[in-house]
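Everything below concerns the one structure shown next.
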2 protein chains.
Amino acid sequence: MSAPGSADGQAVRRPTLTQVAALAGVSLKTASRALNGEPNVAETTGERVRAAADQLGYRLNGIARELRRGATSALVGLISGDLTNPFYSAVASGIERELRQHGLQLVTANNDEDAERERALVDAFLERRVRALLIVPSGTDHGYLAIEGTRGVPFVFLDRPPVGMAADTVVIDNHGGARAAALHLLAGGHRRVALVADLARMAPQRGRIDGFVEAMAEAGNDEWRPYLRTDVHDVRQAERTVRELLATDPAPTAVFTTNNRLTTGALRALRGHPRPPALIGFDDFDLADVVGTTVVAHDAMALGRSAARLAQERIGGHEGPARTIVVATSVIARGSGERPPN
Amino acid sequence: MSAPGSADGQAVRRPTLTQVAALAGVSLKTASRALNGEPNVAETTGERVRAAADQLGYRLNGIARELRRGATSALVGLISGDLTNPFYSAVASGIERELRQHGLQLVTANNDEDAERERALVDAFLERRVRALLIVPSGTDHGYLAIEGTRGVPFVFLDRPPVGMAADTVVIDNHGGARAAALHLLAGGHRRVALVADLARMAPQRGRIDGFVEAMAEAGNDEWRPYLRTDVHDVRQAERTVRELLATDPAPTAVFTTNNRLTTGALRALRGHPRPPALIGFDDFDLADVVGTTVVAHDAMALGRSAARLAQERIGGHEGPARTIVVATSVIARGSGERPPN
DNA sequence: CTGAAAGCGCTAACAT
DNA sequence: ATGTTAGCGCTTTCAG
């Protein structure tokens with residue numbers, strides 16, 4: 001069972017370029033040239049080197065190469081929430097696709113929505129000399145990153161802008177999207193509109209709440225106030241909250257949930273309801289068309305791609321002030337948001 | 001706008017340990033000891049070194065360290081399909097959680113379900129000296145990996161077993177799960193059961209198809225044969241296929257879809273249908289409870305965790321023959337699978 | 001076209 | 001408790 005050449009379970013030491021060169025009977029440098037396809041290598045010599053490499057099962061040591069070339073890797077780090085949240089996985093996928101164009105690899109890490117852990121991850125990534133760092137931040141103060149930003153490692157913030165420093169940022173048009181949802185409901189004749197939001201301290205939630213409130217204010221509608229629920233953080237809590245809202249008297253005639261988790265909870269609460277309220281959810285989701293849920297949609301994958309592009313430009317030497325890209329939203333009517341009041 | 005010390009857009013070279021040592025007025029090694037918390041460093045000396053490091057904005061160069069320590073990184077590679085598929089992202093999340101326990105980082109790459117690209121990624125990861133390589137393979141021959149496996153880099157295959165080599169593997173009980181679904185439908189009185197499957201050359205699909213067929217054969221039922229549809233690879237194709245099935249005469253009274261994508265397509269096709277057939281889908285999904293879809297569920301995150309654990313054990317020196325872990329499935333009845341025939 | 005020597009930034013081994 | 005020397009595996013001068 002033991003690998004050939006291994007002593008008592010020790011992994012075999014991989015052959016080095018020196019060994020390949022020795023076997024091929026050439027110098028170290030010639031072997032290097034041959035394997036890297038550099039010019040100025042005789043046809044036959046190159047042949048011989050490649051044969052030796054194959055025979056030994058040689059594989060370039062990227063770590064040594066990177067050290068020599070300037071101690072910076074081909075890795076780009078992404079720190080975000082858990083990938084089982086489709087928003088984060090869509091973002092990650094978009095980033096990965098874009099990076100690939102430039103020969104860069106994505107390294108992902110989950111911050112558990114915890115500021116402490118996020119800092120630790122930033123440290124770990126910087127020590128590994130990532131080329132750039134993309135962050136969907138949980139932490140609320142990023143001043144500690146300010147020094148790093150100037151030291152050659154570009155930072156890009158996704159979904160939430162940095163606090164205490166300037167950096168490239170890609171965000172969703174939260175304010176506009178929520179406003180559009182609110183207007184949509186108002187146009188449908190709703191007045192008693194419930195707002196179910198996640199942690200209000202998070203910037204995207206803040207934006208969505210503000211956009212909603214603003215639209216209501218403009219319409220001179222105050223009847224939503226008793227139905228405001230914030231800091232609802234998971235699916236079960238959302239389900240319970242919506243149930244409670246429906247049990248109030250008078251009950252709201254419409255519900256606006258400010259992210260995919262909360263929408264899921266609302267759908268559970270509304271399941272089998274005889275006369276469900278209108279519902280609009282922020283974030284599109286997989287079966288929204290089947291379920292017939294009206295949403296505020298946006299392109300999470302494009303968000304990731306944009307962020308990766310910004311990072312790539314910085315890696316390529318782009319200087320200049322921090323840029324902010326805003327991803328557009330659009331209301332997709334699928335029925336739930338068009339149910340009339342009462 | 002230029003970073004302090006940078007010349008025309010060049011990134012500042014990060015300070016090295018040598019510089020820290022010089023500033024602190026100690027030797028290189030002492031600085032190393034102090035910063036790594038090794039014993040035998042005077043209190044005051046350590047203090048001085050840390051102060052110097054802070055002042056310079058020093059950050060350990062992990063690449064150099066790794067090279068010195070044996071040219072193997074703290075990275076574990078995952079090659080899989082696109083993370084926007086919730087199955088892959090759940091797997092990735094499970095892996096990430098487990099690796100974290102051991103101080104390892106996950107690097108993800110998308111093989112685009114293409115064997116060629118998969119090989120290229122394997123090469124890239126091995127060059128980067130990943131500690132282990134986890135693969136949800138698309139390629140059908142993995143013999144080229146056989147040499148590598150013995151060279152100290154553990155491979156773990158997820159969801160699909162390797163072909164042409166032996167390696168640790170974690171798979172779902174595809175056969176048993178599909179069989180259970182088939183029995184469930186048979187018990188409900190169904191005879192004309194449609195099977196909508198993905199690419200039949202893929203092992204998991206093969207297993208699901210076989211499990212289904214076996215159960216039907218045991219029940220002495222042959223009426224499913226006209227309704228067999230394989231190599232249905234995306235949502236739209238699935239939707240069209242199910243529509244076509246429903247238009248046949250006599251139409252099937254039940255449909256079994258063999259993965260989440262196909263189930264989504266089926267749900268779209270069945271949407272608004274007056275008397276929809278029974279439906280069971282392989283793979284659980286987010287709103288299955290809301291939509292009321294009966295599924296063959298399994299724990300994709302656990303699959304990832306198990307794979308990561310196997311890898312970790314090999315990294316820790318575990319020897320021995322390749323192991324295979326089978327993840328259990330269970331039928332979750334939610335209504336769609338219990339609709340009676342006709 | 002090929003080779004020798006130097007060194008990337010760090011840690012391990014061996015002094016002191 | 002601290003310092004010196006060597007060298008991980010590679011690429012980059014600079015010479016033949």
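Residue numbers begin at 1 in each chain, while the letters A, B, ... track the order of the sequences.
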For residues 30-39 of chain B, please give each side-chain donor-acceptor pair under 3.5 Å, one per line with the distance, not counting sequence neighbours.
unit_1: T30(B); atom_1: OG1; unit_2: S27(B); atom_2: OG; d: 3.2
unit_1: S32(B); atom_1: OG; unit_2: N36(B); atom_2: ND2; d: 3.4
unit_1: N36(B); atom_1: OD1; unit_2: R65(B); atom_2: NH2; d: 2.7
unit_1: N36(B); atom_1: ND2; unit_2: S32(B); atom_2: O; d: 3.0

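Side chain of R128(A) to main chain of G62(B): no donor-acceptor pair is present (N/O by atom type, distance under 3.5 Å, no hydrogens or angles).
Summarising the geometry, the separation between CZ on R129(A) and P on dG9(C) is reported as 9 Å, rounded to the nearest angstrom. Spacing between atom CG of L67(B) and atom P of dG7(C) amounts to 17 Å, rounded to whole angstrom units. Note: CG (N61(B)) to P (dG7(C)) measures 18 Å, nearest angstrom. For Q19(B) and dG9(C), the CD to P distance is 8 Å, given to the nearest whole Å.
Side-chain contact between S138(A) and R160(A) is present, with heavy atoms from C-beta onward closer than 4.5 Å. Q105(B) is listed as a side-chain neighbour of F125(A), based on a closest heavy-atom distance under 4.5 Å. Annotation: side chain of V91(A) is not in contact with side chain of D159(A) (no heavy-atom distance under 4.5 Å). Within the 4.5 Å cutoff, the side chain of R59(B) has heavy atoms near those of the R129(A) side chain. L23(B) has its side chain within reach of Q55(B): a pair of non-hydrogen atoms, C-beta onward, lies under 4.5 Å apart. Between T108(A) and I95(A), the closest side-chain pair of non-hydrogen atoms is not below 4.5 Å.
Contact between the side-chain N/O atoms of T16(A) and the OP1/OP2 oxygens of dG9(D) is not found at any separation under 4.0 Å.
Not counting sequence neighbours, the partners of D168(B) by the side-chain hydrogen bond (donor to acceptor under 3.5 Å, both in side chains) test are R314(B), R323(B).
Nearest to the side chain of T30(A), among dG9(C), dG3(C), dG9(D), sits dG3(C).
For the helix from dC1(C)-dG16(D) to dT16(C)-dA1(D), the rotation axes defined at the first and last 5 base pairs enclose an angle of 40°, given to the nearest 10°.
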Practice item. If a protein heavy atom is under 4.0 Å from the base, mark B; if only from the sugar-phosphate, S; if neither, -; do that for nucleotides 11-16 of chain C going 5' to 3'. Key: BBB---
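Pairs of residues two or more places apart, or lying in two chains, that qualify as side chain to side chain donor-acceptor pair (under 3.5 Å) and include a residue from residues 112-121 of chain B are R100(A)-D112(B), N110(B)-D112(B), N111(B)-E118(B).
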Exercise for review: Starting from the C-alpha separation in whole Å, work towards a yes-or-no answer on ring pair (Phe, Tyr, Trp, His ring centres under 6.0 Å) for H142(A) and F155(A).
Suggested key: CA-CA 11 Å; H142(A) 313 105; F155(A) 288 88; 9.6 Å; no
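If you check residues 39-54 of chain B against DNA chain D, the residues with a heavy atom closer than 4.0 Å are N40(B), V41(B), A42(B), T45(B), listed by number.
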